[in-house]
Every structure is written in C-alpha cells, then in structure tokens.
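To keep things clear, I will list the structure first and then write my remarks on it.
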Amino acid sequence: MSQIKFDTPTRTQFSRRSPIYRQQAGALFGERDGAAIALQVSDDESRAQLQQGALLDLSATFRTGARGRAASQWLTQQQLPLPAQANQSVTTGDGELILRLGNSEFWILGNPLRENGALARQLQSAPATAGCYPLSCQHSHSWFALSGKCRSAVMAKLCGVDMRESVFGSGALAMTSVARVSAIVVSHELQGVPVFSILSDSTSATYMWQALLDALQEFGGSTAGITSLLPAN
Amino acid sequence: MTSTRLPAPMGLLIDRGQPLTFEFAGQHYQGLAGDSIASALLANQRWLLSRSFKYHRPRGPLTMAGQDANTLVQLPDEPNVLADRFPLTAGLRAEGQNYSGSLDNDRGAALGLLGRFLPVGFYYRTFFRPLGVWDQWEKFIRKTAGLGHADLDFKPQYHDKAYRFYDVVIVGAGPAGLQAALTAATAGVSVLLVEEQSLLGGALSYHQFDADGERTAQQRHALVEQVQSTPNIDVMLNATCNGWFTDNYLPVIQGNRMHKVRARECIVASGAYEQHVVFRNNDLPGILLCSAAERLMSWYAVKPGQRAVVLTGNDEGYSTALMLHAQGVDVAAVVDLRPELHSPTLAQALAEQQIPLMQHSTVFEALATKGNKHLRGVDIRRISGRGQVDGHSTIIDCDLLCMSGGYMPAYQLLCQAGAQLSYSDERCAFSLSNLPDHLHIAGSVNGIHSLDKVLADGVRAATRALVNMGLSDGTPETVTCTRVVNPEWPIFPHPKGKEFVDFDEDLQAKDIVNATKLGYRDIQLVKRFSTVGMGPSQGRHSALPTARLVADATDRSVTETGVTTARPPFHAEKLAHIAGRIFSPYRQTAMHHRHLEMGAQMMPAGSWQRPAYYGPAAERDRWVQEEAQHVRSKVGVIDVSTLGGIEVRGPDAAEFMNRIYTFAFLKQPVGRTRYAVFTNEQGVVVDDGVASRLAEDHFYVSTTTSGADAVYREMTRWNAQWRLDVDIYNVTSAFSAVNVAGPDARKVMEQLVQDVDLSPEGFPYLAYREGTIGGIPARMMRVGFVGELGYEIHVPSSYGEALWDLLLEAGKPWAIRPFGVESQRLLRLEKGHIIVSQDTDGMSHPGEVGLEWAVNRKKPFFVGCRSVDIMMALPQKRQLVGFRLPGDSPRPQEGHLVLRGDNVTGNVTSCEYSGTMGGIIGMAYAAVADATPGSRIHIRVDGGQTVAAEVVSLPFYDADNARQEL
Amino acid sequence: MPFSLLKYGLRDDYPFEKDPDLPAPTELKRHYDVVIVGGGGHGVATAYYLAKYHGITNVAILEKGYLGGGNTARNTAVIRSNYLTPEGVKFYTESVKLFKGLSNEFDFNIMYSRRGQLTLAHTDSAIRAFRQRAEINRHFGGDTELIDPQQIRELVPTLNMNPGDLPVLAGLWHRDGATARHDAVAWGYAKGATQRGVELHQLTEVTGFEVENNTVRAVKTNRGTVQCGCVVQAVAGHSSLLAAKAGFRMPILTYPLQAMVTQPVKPFLNPLVSSPALHCYVQQTGRGELVFGGGSDPYPLYNTRSTLDLKESLLAHAVELFPFMANLRLMRQWTGLTDMTSDYSPIMGLSPVDNYYLDAGWGTWGFKATPICGWTMAQLVASGGKVPELIEPFAMERFRSFRQVNEMGATAASH
Amino acid sequence: MKIMQCPLNGPRNISEFVYGGEVRQMPEPNLCSDEEWAEYVFFHDNQIGLVQEWWLHAPSGYWFIAERHTASDDIVRTFDPSERFKERVEFAPNPEVSAA
C-alpha cells in the first residue's frame, strides 16, 4: 500500500480522514479503505509493545451497520454470522467483527489489516426497507483498539463496568460510559492479540484518545500503528 | 536531638538503620524511617504538638492512631495534617497551628484564663449591641477562626481513581478482619482486605492479650502469614475505606488514588475507639489513651514516659500497666474506676511487679507544669457516687497518664449504611443493629473483646457472607461476649472546670449540661448550640460522654438520646482524592483545526468550541461587520456542524414529525425543507430546526447546538409510548455541515457540484437535493437563515475537513471567506430570525415571538399543543418586537430593560450595530401596547440613561425575501 | 471585651440559666387559634411575627423532629436577592432588609455576615442573563452589577480564571450577598415567639386534619387532636406529603440536595462564589470551614443519604475553580430535601382548603426568605386570609392559569 | 453508587442512566378541560411509595420503565415499555377544527 509521512494532510490528500490523525503527527501513514491510517508510530513497534500495552487508531477502517426488526434478517442474507444474544460480538473467518448492540442493531467492522472494498460494495446494498435502517457508524464513531495485559486495569480507571478477563472475555460487549463519554467496548482478538475495541463519538475522539493514553501511561503503554499487529513482527 | 528507643521486639514499624532528620516548630530533630511525625517527636520528648481551637491549650497526642485533632500540624503546603498518621520523611518541615507568637509561647493561651468569661453559646449573646457593632467584632472574630493556613499557591499533583470489584471486602485487618478474610477465602471467592495502618494485625500489633504478649505475637504472626500466602486475598495497607455508599460501594483511599470498590458482600471489622475519662485537665500533654501508649511502644519503640499512672475502667488497662513496666517505665499506680475486682489474675500480676492498685478511684485532676505544657502529677480520689469523689486526695507525681474509659464501636461506616445504635445500661456501651443485607460486622465493633471470641466472630461474619452468596450452607452460630469493658460513668466534673468532653472544640462537661439548661435538649440541638462533635475528629471521643451527659440532664435514656448522625467521609479526605483526574469531555467538529489555523476566536457552545469571528479579539466589531458585509456582497462559509441532526425513518415518519413539531408535516413534499418548532408540554418554545423530507418515509431534521441531545431523548421517549413504526437516529456526529451564503454562493457551488442542477428552477429556495460535491456524497439544502442565496451542505463527518478545504479552494475567485457565529447572529438579526434561548426564555410561547405561522392547530396533536392553546387564549402580556436606533445613539445591550414609566415591560434579547442597515437594530420584549411598528419603546442603557427606540416590523433587511430566493 | 462578657465572668452559676432560649416541653392544649405545622425557620418566624406584631399568641408550632432540624439546619446559609423577575427581586430584597436587623430585633446574635456574592459567567448567554438580573435588581433598589474579569481578580485573587476550560468572561457582583448562622435564625425566632406565649412542640408529628365543608377544623397528631382556627403549612421538603393529608396535590417534586464542608482553615475567602455552569458554589464560614454546594440530585427522592458521585462532580468543579483547594480536607457531607417547583419560585398564600395557608415550594431558596416569609405569612393569617401584595404572584393558582414566575436562570447552583 | 438493573444492559451504575419523569396518563389534550390539563402538566402526587418512572440508559439510548420506592430508593422492577404501552397511540381530532 502507498506509504507516506505527514503531519497534516495537504488539502488534496485523503479526503476521508480519521478525527484524530493530528494526534499521530509524524507517524508513517498508509491508505486503508480510502482513508489515512497510521501504519507505524514509532520505530521500535512490535508485538511485545502490544503485550505491554498499546493504543491503536482504527477509525479509518470500513464499518457499517443496520438496525430495526428486519436487520438480523438482512445480516443473514449477507451470509454474515449473527451474535446469538444482545450485546455480544463475533469475529468472522475473514477477521471482520460483527457487533450486536441490544437486540436489533448490528455493526459490521472491517478487518483493519486488509482492504475491505469488497465487503463495502457488498453491504452498500443494505435495503432501506421498513424495519431495516442503515447506520452511519463509519462517521459517527471513532474506533480505537487497546491491547496489553493491563487493558482491564486501564479501563478500570475510566469505566465502571467490570472488564476483568474472567468476566469480560472475548466476545463480550458493553455499551457504557468511558471517561464520561458514551462508548461501545468490545473484547476480542486482532491477529490473535486480545484487545478492547472502543467505539465512541467521533467528535469527542481527541478527548477520548488522550484520556486512554493518560490512563495507559502508568503501565508503560503507548500508541502504535497497525503494522505492529502483523504476524511478521 | 537524637532519640532513644526501646529494644526489639518493640518497634514493629521503624527501621533503626535509617535515621531521618526533620524540623518541627523551628527545631531540628532526628527520627527513624517508619516513624510518624508524632512518634518521632515523642521519641525526642517533644510532646506539645498543637494548640486547641478555642482556649489555645497545649495539646499532645491522644490516640497515636489518627483519631484525634490534638496532633494536627501545618506542613508548608498543607494545613491540618495528622502528625500521628503522616509518615516521617527526611527533611520534612512541620509547624504548629492556631497560635499567636510561637507554639510554645502562645499569646492566645490567655483565652484559657478568660474561659469563665466565655460560657458556651456566649457568641449568640453579645457582640451585636448597638446595631452595627457586630460588623467590627466579626472582623476580629473571623481572624481567630480556623486552624491551619491553606497554601493559596499550591499546585495540585496528579490524583486519579480506579474501580475495583470483589466478592468480599473486609474493612479492618485486626484479628476479626484477618480471620474473616481467611474464612471467606476458603470458598475460593475474591477477597479484599483494607487496612488503614501500615501493618496487619490491628490490636494484635500493639496490645498484649496475654500477660507477656507471647501468644499475641504468635497469633498475629500465624494469621498474617496465612493471609499473605492466600492467593485470592488482596491486601491494601495504608488504605482508608472512607465511606459506605448504597450497594456496598466503597471509596478506598490509598496513595494518590481513590479506589471505588464494589463488593458483593462487605464485612466491617473496624474495631472500637478507646475512650478518654472526663476529669479536670484531662487534655494535658503526657495524658493519652492506654492504646496510644501501647502503640508508641509496640510500633515505634518509644518509651512514653518515666513515671506513669494508669487510669482504667477495664482489664485492658492492667495489661497496659504490665507492658509499661516491662519496658522500664515506673508504674506508680493503676487506678481502677470500678468498685470491685474483675480479674484476680491480672491483679496478681500487678502485685508481683509491686504496682499499687487503687480501686473504685479516679484521677480528679491532672496537675500541670508551668503553662500547662506537660503533666507533672495527678490528684487521685475515691469515687463516692456517680461522678462524685470524696475529699481525701492522693497526689502522685508522674509524667505519663494512660487512661481507658472504655470503648465506642467505630460505628461510622455502619451508621452511614443505616445501622442503628442502641445503648445497653448493663454493658454501659453502644451496640449496632439493623444492618442492611450484604453488610456484616465482626470483632470489637460488634461489642466483642476477648481474643478467641473475636476470632470466632470473624468466622461467623465470613460464613454469613458466604451463605448470602450461596457458597456455604453452614448456619453460623452467634458469638456472644459477656465481658464488660466500659465503666458506668467515667465523668468527674470539677468546680474549676476544664474537664474536657470534646478536645477539638474545648468543650467541658458543664458546657454540654448548660446547653440543655438553655432548652437545647435534643442531641442534635446540643451539638449545634455547643458545637460538640463538629470538630475534625467528628465526635469519635465526645459522642459517648455527650450522650451520657445529655441523657442525664434531660431524664432520658442514653438510647433515646442517641448520638448525632454519622456522615461520610470516615476520615477527612483531600479534595484532590475526590476530584481525582477530572474528566471534562469536549467535542470538536472535523473543521476545528482549520478554524484555529485561520485565526478564529473560539467561543464555548455547550461542550463544543465555535468560531465567533476570524481575527484578533481587539477588533471584534470590525471582523463581525466585515464578515457580515462579505456575506451580503460576495460569499462566505460557516461551519454549522454543531447543529444537531436526527434521522426519522419508517412508515410513520411523517406522522411522528407531525406529533413532535408544531408545524404540519404530513403533506410536506419530498425534496423540500420546512421550519420545525419544538414546544415542551408547558407550551414553551424550547428548540427549532429545519426538517428535510428525503423520501416519503424519511426525514432529516436539524436541532439547535445545545438542544440536540434533549430533543433526541424527548423524541425517543415519546415514541416509547406512541409505538409508531419509525426509527429515530441521532446523526449529529455523523455529519459535518457548512452554510455557503452570499450572492456568489451558486458560482462557488458550480465549481464542485456536477450531478445536481443548481439553477434557481432546478434547486429553488427551501429545496433539498442529494449529490456529490468534489466527489464527496452530500445532502444540500437551500436555506435563508442569513437572508442571502445560501446552500447548507451536509457530508459524512470524516469528509468534513476535506469539504472545508474544497470550498475555500473553489471559492478563491470570489474571495470566499469564513464567517463566525457572531457575524451570523448579526446577519440573522437583520433578517429578524429568532435564536431559541437568546430571543426566547423559559416562558416564551409561539405567540409571543411571532411564530403563530409555524403552529398548525388543524392537526390532532403536537407536544404542548393544549398548553399553547391555553396561553395564546390568555390576554397577551408581552411581544417580541424589532427596534432600531440611529447609529450614534448609545447602544442598548442584550439584557437591558424595556420600561414603561416605572414598570419593567421587557428586555433586549438581541442588539447589534448593522452596517447594512446603517444603524443599531435589535429585538426586545415589549408591552403589547407598544408592539405596533411606529411606536416607541424606552430602553435603559448603561449609565442609567434611557433611549427611545422605534419599533419596526421584521425583518429589517430585504423584507420581500428576494435575495435568499435568488 | 463587651461588657456583657465581663458580666458573665463575675457570677458562678451559668449566666443564661435564668433566661433559657427555649421553654421546657409542655402538654398540648385542646385549641389554638393558629396551628403552624413545621418548626423550621419559616414556621417559627411566622409565629414570632404573629405574636409580636399582631398580638396573636394562642399559637402552636408542631414539629415532627427538633427545632430547625429540617432544611433550616441543612441549607448552606446563602442570603441574596439578585433574582431575575420583578416579583422575585422585590420579595427577596425585603427579606435581606429584615435579615440585617435580626440580631438586634431578637437580642440574639445570628452572626449576619455581609460578604457579597459573585456569580461567574462563562458564556455570552450567561452575560446576557446576568446583565438583565443586574438591571432588574438595580431597578428595585438592589445593589448588583455586572463586573469584568479584572474586577473579579481583585475581588477573588485566588480564583482560577479558566476553570475546566471555561473562561470567566464576567461576573454578577451582588454586594448584598450574605450569610448567617442558620440555626441561630430559627433559635432567635423561637425564643422571641415562645417568650410571647407561643408554644413550640417538638417530637410532635401531624398525622391528619379534620376538614368540614372545605374548612380545616382540627389537626391530628401523634399526641392527640387539637382544634384550630387556621393552619399554616411550613414543612419544606415534605409539602406534598402534608398537603395530601389535607386532601390536595401540589405542583412540586421533591429532590435531595447535597452539601459538604471542609475542616476549618484560616480565612482567605470573603465573598460567596458561584459558577452555575460548573454547578458549584463555595463560601467560607465564620469558623473557617469551606462550604460547597451545587445542583440537586438527578431524580426525586425522600431520603437524606449521601452519594459519592455527587461529591465527586461537585468537588472536581470546586478544584477547577480554586486549584489550591485540592490540598484541603473535606470533613462532612450531608443532604436536605428540596420541594422543587417548575418555575423555581415558591408557593405562598391560599390553598384549596379554607383557613389552610401555604408556605411551600421552597426548593433551594428557602433560608434566604425566612424573615419575609414569616412577616407575610403572619399578615396573611392575621388578616384572616387577605393575601399580601408581595406574595400574590406566588399563589399556587398561578399554575392553573399558566402564569409562572420563572426564576430558573437565577437559581441554578447559586441557592 | 446505586446499581440499576437495565432490562437491556444488565446491572449498571445509576450514573449511566437519565431520569425521564414519572410515567403518567396524559388526558386527551383536545377533549379535557383546562383544569385537567394544568393538573397533568404541573401537579404531581409526589408521595412516598412505589412509582413507575421513565429511565434512559444513555450509552445505548434505551428507554425503559423502573418501579422505584421514593423513600427507600429501592428499585423493585425494571421492564421494557412495550409491557405497559402495547398499542399504537392515536389522538382525537381537534374539535374546533372538526366543528369548523
């Protein structure tokens, strides 16, 4: 993929931009689903870093969703797996993440490690029929991933929901308040790395990013780019 | 000065290898790592730590456990620090508090001699005659108030909070707590043990439950060993559980963090406060509680004195005497308040050490060295009746008096949880009952004092907790302890007074009694009138004697009398701990940084920041006028992303809109927009916006910036009742939006939009279109808020910044420039458009603000419709009108009053100089009689002068709306 | 030292014994001309003015708990008159006037302390509202003005001018802002009333009323029934509950309101400082303690439990306003019950039941109105139901006729 | 802090919820008297006992009904609004209009 370093994109680069790209000024960026995504923030990034504790910005990655009484039907028509119960998530074979928010709202999050163009084209056909209403979660929410053994302890400083491994294992999902901002927290794995995905109001993204980093510091965590997820490392 | 210490095993907390030098009241001392400030000072025979609140009496440590106000000292940046809790550090500098002159020679001490002139409540009786005099006295009296000095330049350090979750939380790591933890842990549940001190063991760590302390030491070692080796028990030391809140929600303060602990089951083993005995001069330095002397020796290896007298109402005092003796203190006598001997064994032990025992006696008065600096002896009398002594006195010289007037359960957390205190006349003690579910108590807080019973009680409490969690079917047998540890009446009034009930507030026995004589009979009134229990230690030692004295004085039982309500926190807590790392969420539009880059002056709008105008603040008026002029003459662009956006979709979409907003929406054509006014159930205008109909079953409606969340919540709540087949979706953050406005707006749009016919016919005023702008999918509306040809463009928010960039680039040939909120306010004012919450207030109904046209009463319902009917049927009191004044007139400001004679008939809501109109224009509420164009309203401006403004019909600008419909 | 103090020193018995503030408990009589339900500030003030200025002394005050033990004991003793509506400003201005002379009126020091109240504006909309309040106040003779950041710095040098990233743009400076020993106000009135023959019955709970052809005849209590000429209801925090016993509903919802206090430190803060945007106000008492208050709890409740979350948000804002306070120690938090009306104005005057008079809807603004409430309610009672002009706007009837007196903007977190 | 049992999200700190007022029966706005309407808009029982209230779980935007005791603050039951509001609500037409 095309790789460039920039502090702020020139007026022509990447018409679709993560709400917090400025927070990663100086990082190595690449294109993901038509938007800029941080590939590498610092030179010494590795899976070890992820173990230690890392915060990744996945906002650029494709995602969409639908809700309404017919939404689950539509999801099945797309041959996508359906989380069995309210407030659960499943990961597909292709590394996409399917969220079930409440009973009848579903989000499909693309795989941040590859282009999701095909999926995007497939899901654009979401029928706006009665009972199935497409969602704008690509834009309404930012998407951060928090990794590391410390991730439960980090969240405990920001959120009143018990997110210890024993009670909030892979697949668990909570719509709750993080640092006083409404957020969706999902426990899952990215490339075999256990993470919390945190999706929250894109207009509060900078605030949320800084709150998470602040809470992460105590554990020697830092930001990272998505290449740190690649098995190559 | 260097300190001498007792040999091991005394000194559990100190590191003899690590001397630390520090400073107190200007003198240098040496202490040891592990010392508290107070223990280090006592090791240096420095007893006088503070001056009392009212009489400025010298005070020394009382509890050595952070439970009294006697040890409050001043640190350079921090007042009211507990010297017996604060860990000593190298180079620490502490001072005394609340003195004038020096701590050792306090001129304020003169107040002590004036004591008789300052009877309780005196300040209610004087200082106010004649009228006005109080203002002078107050200044003087206020100066004397307070204890330490706040450091007004203090810079807060980083504090934060964290949630923690446990099955069982145990407060207090004494024998009961340790045992409870072990029992609970056997079931495999997660256990948290919270201990305030820096070591485990509680009383086991200082008190000797057996003659030589052997068994006590072993017992403690065994319990601590097991607890520390049990993986599912977490231990927090130096951690204070500072309150009990609903559903076992426990703030535990440790270091710079407040842990918000949630427990399924909570066991409080907080122990009991040893009580003082009330006699004359019982506050002298050198007089402390038995447990305090024991702590000094066991924890800090400090020898509390050379020659001691022990005054006790229970057997514990005997152990203290033996311990003092064993540590080389000459114990001159054990004075037992009780009439008969309770423990022959202990009496025997005393006899073996030739320690005299005086029964049914008390210390009637403590004798002081010069200036009440320290204890020099005691006057002992035989007790002749309740609170009475006979004339024959025995004087014993001593520099140490250890007293135990019994115990008061550490009831605070439990009473916060709703537990009740009741007093038993047999045991002369308060006990706790009526605990909520999932909260248990164990040990001495439960009135159980002998060690084996305390341990059994720990097992019982833990088992109860396990039963609640369904992890045990054992039925724990109740533990009863018949030992009486409280003397009946350890209060001995003295004709010369100074027998202190409350050390914090310098209150003597007679002060309490006198409060009741004045008619303040309820314990709460006694507290409020005398201030008993209102000091820093919040009644830990004054509650019991006060309850006894008030009961006695008002012929009620102690239970009836009770104690004052226990409120959080348990210990005084730093604001920093409660505030923690403060979270103040803020929001930014996608274009936020572009505004900053272009020099915008930002203004707060809810949790947003919005550009007020672009340019240095010094020339605010200039920029506002220029930006407005530019929109009128060329083209401008404003970021309106903060406006709320809500999608209403589904078969009932139109019906829903029709019920929420005042206008009619059923017949609104697809591809058209319509003004939408939202009234609450009181019929008051609370929000407005523009509703676009995207499809038969799809509306997209905007709200005010501040109203977005509230409107969305109201919509969803209403439909939870109405059950209409509709989906309501708040897309405020999903879209970025700008308004491109001005005569050249279309030219700019034509550069970027190919797939929409932009001609006046193809895309007329108030129409809605969808297309792409520079390749970005966009929703576009022809709007007229600022009164020029204008396009509102909404794009997915991650394209927002790019959209801004595109427009400013494409607009260059027409000198497009951004304009801010203040410029927009001027423009809309010229057009006579109201801003909800600026031109409306909490009472405005549509009729008052000229919105009748936007109200449809042919339809069956909209929220608040009936209230609107009722209010619009009432004789109208006021009307929002437009007014104008010549440019050189004094300019009214928003909030200035509209007067009719002497009556206030309204106020200015909007006012600005308008270059376009060549004068001052504004809107104001006025009496209906003055509301007709041509009449005049009188506005009082700054400086008190009144200007007569001409009422004109709205809008001021382009009355036939030609320009916005271009 | 004032002579009175010397006097105390020269006698051996307790000087005030001969002259107790409150009489010992007595039996209930069978009949009273006036029964005042509620022994808080408003109730005892009404009794006081009835006895002293209208010669009506066959009066019983029935108090469920102890004298002044409700919101009189729990409020944060803010006295001010910088309201938004002409009706409100006129009313509270009269109250402030009475407060100033109270100590000497009583011969009992209520420690009235004129400090000035500073309310902070962080937004342009707040500036508009404050300017209007200042203008209205001045129009009715109040002493209030809009001041700029420089003047604010001079008044309160320790204030953070950008708390929580909200710039301090202006302030509403109300020189008549004051505080007083809140308990003493109730005691002073009670003393004056009981000395004139009024009976104060504590631990006396009203269980019901006897109402015949829509006129109240008797009051039932846990100590028996007493006949009465008329009833004054002054039970802030329980108004709807008592009204229900008399058979009617009120436009009130009852919310807990929490406050908290630090350990005493030497005086450094003279004015009362309040930031509506941050839901926080602070003042330093005569004892040196800092008292913090804020907004009511988020939902209705008849319970005075404390909550941690309210304390967390309130003190976070306190520390934003005064960062150095982070190092001070909070000693106590407590809770009162507030009867909130939808327009943040009280409900005074007649009720649906004849001879049953209302003093209710005191939300978070009751203490400052204590003297004028007593004064006007006494007039109302003495005149046999002629509503004084000053309180006409506060009739409960206003809600049926959609004529609210909107003080919302002038009340949030300023109390 | 108090825990509220959300029918959709399970037990949560009450700080995640927004109080939405008591669940009350609105009189037919076009048929009731001014008196009845004012009663509905401004007046409340405000008594001690169990009440049904609207509560919003803010993070999920979910409204539900809670049965709460106004003195003990105990929440005895929470349930989805569809349990109480089963049918689609319709409003009577405005008589003045139909008359005209």
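So you know, we letter chains A, B, ... as the sequences are listed, proteins then strands, and number each from 1.
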Seminar exercise, completed: Residue from B/V731, B/I776, B/D725 scoring the most non-hydrogen pairs under 4.5 Å with chain A is B/D725

Exercise. Using a cut-off of under 4.5 Å for heavy-atom pairs, which of A/H141, A/Q138, A/E218 has the most such pairs with chain B?
Worked result: A/E218

For this session: Please list, in residue-number order, every residue in residues 195-207 of chain A that has a heavy atom less than 4.5 Å from any heavy atom of chain B; write 'none' if there are none.
Result: A/D201, A/S202, A/T203, A/S204, A/T206, A/Y207

Seminar exercise, completed: Contacts satisfying side-chain hydrogen bond (donor to acceptor under 3.5 Å, both in side chains) that involve residues 170-183 of chain A (not counting sequence neighbours) are A/T176-D/E16

Problem set entry | Interchain contact, B/R257 with chain A, by part (heavy-atom threshold 4.5 Å) | side chain

Problem set entry | Distance flag, aromatic centroids of B/W804 and B/H595, threshold under 6.0 Å | yes

Problem set entry | Within the 6.0 Å centroid threshold, strictly below: B/Y700 and B/H794 | yes

For this session: Using a cut-off of under 4.5 Å on heavy-atom pairs, state which of B/G650, B/A734, B/S641 scores highest against chain A.
Result: B/A734

Exercise. Hey, which of B/A590, B/G580, B/P585 has the most heavy atom pairs under 4.5 Å with chain A?
Worked result: B/P585

For this session: Mind ranking B/K161, B/R262, B/R581, B/H592 by heavy-atom pairs under 4.5 Å with chain A and telling me who comes out on top?
Result: B/R581

Problem set entry | Proximal component of B/T589, with respect to chain A [non-hydrogen, under 4.5 Å] | neither

Exercise. For A/Q73, does the CD atom have more than 12 heavy-atom neighbours from other residues, nucleotides or ligands under 6.0 Å away?
Worked result: no

Seminar exercise, completed: side chain to side chain donor-acceptor pair (under 3.5 Å) filter on B/H577, not counting sequence neighbours, yields none

Exercise. Residue by residue, which of residues 151-166 of chain A have a heavy atom closer than 4.5 Å to a heavy atom belonging to chain B?
Worked result: A/A156, A/K157, A/L158, A/C159, A/G160, A/V161, A/D162, A/R164

